[in-house]
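Each remark here refers to the structure printed beneath this line.
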Amino acid sequence: MMQKTTKHFSPNTSSNKKLPPSFYLQDTIEVARQLLGKRLVHIFNGKKLSGVIVETEAYLGAQDPACHSFGYKKTPRTSVMFQPGGCAYVYFIYGMYHCLNVVSGPEGEPEAVLIRAIAPDPNEENYRQMIANRKMSFKKVAALHPKDLCGGPGKLAQAFAITRSLNGLSFQSPTLYIEEASSFADSDIVTSERIGISPYNEAAFWPLRFYVKGHPCISVT
DNA sequence: GTACTGATATGCT
DNA sequence: GCATATCAGTACC
């Protein structure tokens, strides 16, 4: 169905090793860049959902007018961002979709990285589960495009069965974690403005989005 | 291919 | 009431 023979489609090389807690305590921009090429895994109802992260956005907490926690704003929704880096921040948006973020930086600095696109690991069972989770129409499944499953924050949350029940869960969890996969070369990483921020927000133009150049699964080009 | 619409939780005024 | 870190469906060209 959706396999194409590009260099991006065989990222399963290095050892399967969870990223250590220290990874998430780094500078948020570093975390956002370094998450590209890492594998997200969610074990859901005994089934493994997995794929390699290919697009992220950094949200710089108190200093970032586009971040939910701008000015250290603390609400029931944003409170997990104040935790030390290494847990999930999942929020519900537009009354329909969930978005998955990786909390980053030290405790008290409410920063996070939005996961915007993932390349699903290319095995039948993984595709089957994600297609089912996405509740795709027969028509869509028949003409499946690489970015249809996980090419966008709302889509990948649905494909990975990410809901608010995972909010605050550590990425050291046995059922939700991020592991080493294969890194992309620096020359393959593109930096751009973030997506979906109102142009009246000065932070809309900050270069905080990172993605793998030319990858078929990224959300917008 | 682009343009518009509707779905409606959360946090703000 | 209003805006928003989105997406699918529909109507056009």
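FYI, side chains are in, hydrogens and waters are out, and symmetry mates aren't considered; it's all heavy atoms of this structure. Owing to the predicted nature of the structure, the values given are computational and were not obtained by experimental measurement. Here is the naming used below: chain letters follow the sequence lines, and residue numbers restart at 1 for every chain.
The cationic group of A/Lys74 lies under 6.0 Å from the six-membered ring centre of A/Phe82 and within 45° of the ring axis, placing it in a cation-pi geometry. Annotation: cation-pi geometry not satisfied between A/Arg77 and A/Phe92 (NZ/CZ under 6.0 angstrom from ring centroid, within 45° of ring axis).
Each of A/Ala66 and A/Lys140 was matched to the nucleotide of DNA chain C holding its nearest heavy atom; the match closer to the 5' end belongs to A/Ala66. Mapping A/Asp148 and A/Ile197 onto DNA chain C by nearest heavy atom places A/Ile197 closer to the 5' end of the strand.
Heavy atoms of A/Phe92 sit under 4.0 angstrom from primed sugar atoms or phosphate atoms, though from no base atom. A/Ser137 comes within 4.0 angstrom of nothing in the nucleic acid, heavy atoms only. Counting any heavy atom pair closer than 4.0 Å across all strands shown, A/Arg209 reaches no nucleic acid atom. Residue-level contact check: A/Leu114 touches the bases, meaning some heavy atom is under 4.0 Å from a base atom.
When DNA chain C is scanned 5' to 3' for any atom under 4.0 Å from a heavy atom of chain A, the first and last hits are C/dT4 to C/dA8.
Annotation: A/His98 is not in aromatic contact with A/Tyr91 [ring centroid separation under 6.0 Å not met].
A salt bridge does not link A/Arg33 with A/Asp27: none of the charged nitrogens is closer than 4.0 Å to a carboxylate oxygen. A salt bridge links A/Arg209 with A/Glu55; the closest basic N to acidic carboxylate O contact falls under 4.0 Å.
Between A/Lys74 atom NZ and B/dT10 atom P the separation is 19 Å, expressed in whole Å. Taking atom OH of A/Tyr94 as the reference point, atom C1' of B/dT10 lies 12 Å away to the nearest angstrom.
Side-chain atoms of A/Arg77 lie closest to B/dG11 of the nucleotides B/dA9, B/dG11, B/dA7.
Contact check for A/Ile178 versus A/Phe23: no side-chain heavy atoms found under the 4.5 Å cut-off.
Donor-acceptor pairing under 3.5 Å is lacking for the side chains of A/Arg39 and A/Ser50.
In terms of hydrophobic clustering, with Ile, Leu, Val, Met, Phe, Trp and Tyr side chains grouped at heavy-atom distances under 4.5 Å, A/Leu35 and A/Leu156 are assigned to a common cluster.
Comparing the C1' positions of B/dT10 and C/dA8 gives an interatomic distance of 22 Å, to the nearest angstrom. Taking atom C1' in both B/dA3 and C/dA5, one finds a spacing of 22 Å when rounded to whole Å.
Taking all atoms of both residues into account, the shortest heavy-atom contact from A/Arg194 to A/Ala58 is NH1-O, 2.9 Å.
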Can you run through DNA chain B from 5' to 3' and write each base as (, ), [, ], | or . depending on how it pairs? Watson-Crick or G-U wobble, both distances under 3.5 Å.
|||||||.||||.
